[in-house]
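This structure is in structure tokens; I'll ask about it shortly.
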2 protein chains.
Amino acid sequence: MPPEPMYRQIADNLRQKIESGELSHGTQLPTELELRDQFEASRNTIRDAVKLLTTRGLVETRPGQGTFVVGKITPYVTTLTGDPGTGGDEEGPVYLATAAEPRSPVTTPPRVEIQEARGAGADELGIPGGASVVSRHQRRYIEGTPWSLQTSFYPMDLALKGAQRLFQVDNIEEGAVEYLRVTLGLQQVGYHDMIVVRVPDAEETSFFKLPEDGRVAVLEVRRTAYDANGKPFRLTVSVYPADRNRLAVLVGDVPPPQ
Amino acid sequence: MPPEPMYRQIADNLRQKIESGELSHGTQLPTELELRDQFEASRNTIRDAVKLLTTRGLVETRPGQGTFVVGKITPYVTTLTGDPGTGGDEEGPVYLATAAEPRSPVTTPPRVEIQEARGAGADELGIPGGASVVSRHQRRYIEGTPWSLQTSFYPMDLALKGAQRLFQVDNIEEGAVEYLRVTLGLQQVGYHDMIVVRVPDAEETSFFKLPEDGRVAVLEVRRTAYDANGKPFRLTVSVYPADRNRLAVLVGDVPPPQ
DNA sequence: GGGTATTTGTCCGTATGTATT
DNA sequence: AAATACATACGGACAAATACC
């Protein structure tokens with residue numbers, strides 16, 4: 001058994017103090033120079049130890065201030081299961097993990113683009129790669145804080161066959177699914193969600209104010225909605241920061257999530 | 001606008017070469033000393049750049065060998081939605097993201113413990129903190145590779161009221177939900193899943209062979225099963241490595257996930 | 001607003017250890 | 001056994017962010 005490297009021993013020592021509560025949420029750690037003297041190591045070794053705690057989400061460093069134990073956050077809970085005929089526009093109700101009343105997300109007007117379907121998106125919509133799709137991209141906030149990024153893709157056909165409002169740069173108040181049903185007689189009979197965890201891209205990092213290294217993952221929910229013929233007609237991709245969001249799935253007769 | 005630090009510029013440069021395909025999956029990057037000469041930086045700065053790519057999951061380093069672009073992995077897909085009356089023992093079918101046929105997980109005999117319910121678990125089971133629960137912990141493999149860790153918690157009542165097999169250290173072949181129904185007349189009417197992303201603990205890191213720093217997250221699915229009285233009687237916590245697993249949720253009449 | 005002290009961030013050079021081929 | 005490549009550890013210098021007077 002090789003001995004543990006020094007920076008790991010130091011990190012474990014600090015981790016234990018945090019988990020035992022000796023260093024509680026929000027409190028400041030000793031400065032790097034103080035830790036250097038305490039552990040009789042070089043400042044760079046201390047920094048390696050602190051970096052380990054940082055990637056594990058236990059502490060955060062603030063330039064010019066110090067290193068702090070991260071505070072507990074109460075995550076938002078989004079319910080994925082809902083009415084097969086209407087869910088798909090957006091998810092079900094959103095709760096704070098500790099509260100009973102649902103929260104109301106605020107959605108910005110969409111950025112509308114015509115794009116070529118490529119890769120995964122084309123597969124899920126069941127259209128050939130390179131075909132055109134309408135993309136509607138929105139930012140969503142809860143109580144002023146960035147909460148999710150959402151992009152919906154529709155086959156170009158739908159818009160050309162009468163659903164012109166898909167091109168318009170404003171929210172479809174009654175919901176896009178309802179609009180398509182009224183306009184084109186397109187009846188949604190169900191949807192499926194694919195849940196993926198991945199590293200955020202540059203836009204997500206800046207919108208959610210995530211750390212520049214990719215240590216905080218994002219949850220991506222890819223929702224494909226199907227019509228009565230069993231053909232997909234809509235793909236909605238929602239992205240949430242994984243450290244402050246949870247997803248709920250309800251099956252059968254169960255009380256709502258706490 | 002402050003200029004980007006050098007190690008970030010180098011990381012971006014390499015990232016671009018990876019994403020453009022100039023450096024394809026599995027290929028080896030130049031060694032740290034070669035990169036040091038190419039970018040005219042010190043080896044430590046090169047290492048900072050590579051570490052950034054490592055936390056973002058783009059490359060992996062192998063001591064004595066070199067740095068390599070990570071190969072694409074085809075994730076397993078686990079379906080969370082199923083029959084309200086039976087789902088809960090285990091999840092729905094498991095697919096390879098590219099294949100049509102479901103895979104068969106292999107489950108080890110459980111490690112059975114009597115524990116005090118604490119914190120989150122007690123809340124979800126609706127029992128007072130400190131009450132006893134039966135914990136059954138299992139490791140699951142697919143095609144020989146570690147796939148998930150699963151722990152089920154039952155209130156001690158159930159076992160004392162006649163479901164003694166909960167204490168036994170072997171698999172309940174017909175499924176624990178079916179066993180409880182036959183033995184105690186306990187009818188499951190539904191369940192809800194809470195999906196959480198978090199950093200792996202020490203056991204998970206070693207079982208899944210994850211990197212020692214916590215850069216690969218795990219998906220935790222907490223399934224609470226309810227009986228006909230609307231009371232929870234079982235909590236199953238399943239943990240999956242987030243980089244090789246996806247979750248599917250099906251609502252309404254939709255084809256199975258591809 | 002300006003200046004100064006404190007604290008973390010970046011970058012360098014060097015030496016030695018460990019894993020792999 | 002030797003060579004190669006990444007890992008650990010040290011020490012030093014300066015930059016950038018923040019807080020405080």
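The shown structure was predicted, so the numbers you read here are calculated from the model rather than taken from an experiment. Lettering follows sequence order; numbering is per chain, from 1.
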- Task: May I ask you to decide if B/T31's main-chain N or O and B/E34's side chain share a donor-acceptor pair within less than 3.5 Å?
- Result: yes
- Query: Quick one: is A/Q65 getting a side-chain N or O under 4.0 Å of the C/dT8 phosphate, OP1 or OP2?
  - Reply: no
- Query: Does CZ belonging to A/R118 count more than 12 external heavy atoms closer than 6.0 Å?
  - Reply: no
- Can a cation-pi geometry be assigned to B/R244 and B/Y76, taking NZ or CZ under 6.0 Å from the six-membered ring centre and within 45° of the ring axis? no
- Phosphate contact (D/dC6 OP1 or OP2) by B/T67 side-chain N/O below 4.0 Å: yes
- Query: With sugar-phosphate meaning primed atoms plus P, OP1 and OP2, does A/R62 contact a base, only sugar-phosphate, or nothing at under 4.0 Å between heavy atoms?
  - Reply: sugar-phosphate
- Task: Check whether the side chains of A/Q150 and A/S238 place a donor and an acceptor atom closer than 3.5 Å, and report yes or no.
- Result: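 Yes, A/S238 and A/Q150 have a side-chain donor paired with an acceptor closer than 3.5 Å.
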- Item | Under 3.5 Å on both distances, the Watson-Crick or G-U partner of C/dT14 |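 With both distances under 3.5 Å, C/dT14 matches D/dA9.
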- Report which part of the nucleic acid A/R8 touches: base, sugar-phosphate, or nothing (heavy-atom distance under 4.0 Å, all strands).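 The residue A/R8 makes sugar-phosphate contact but no base contact.
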- Task: State whether the distance check finds a donor on one side and an acceptor on the other, under 3.5 Å, for side chain A/R43 versus base D/dG12.
- Result: no
- Message: So, does A/R47 get its side chain near the phosphate of C/dT8, meaning an N or O under 4.0 Å from OP1 or OP2?
- Response: no
- Message: Expressed as a whole number of angstroms, how long is the span from B/M6:CE to D/dC14:P?
- Response: 16 Å
- Task: Using a cut-off of strictly less than 4.0 Å, decide whether B/T61 has a side-chain nitrogen or oxygen near OP1 or OP2 of D/dC6.
- Result: no
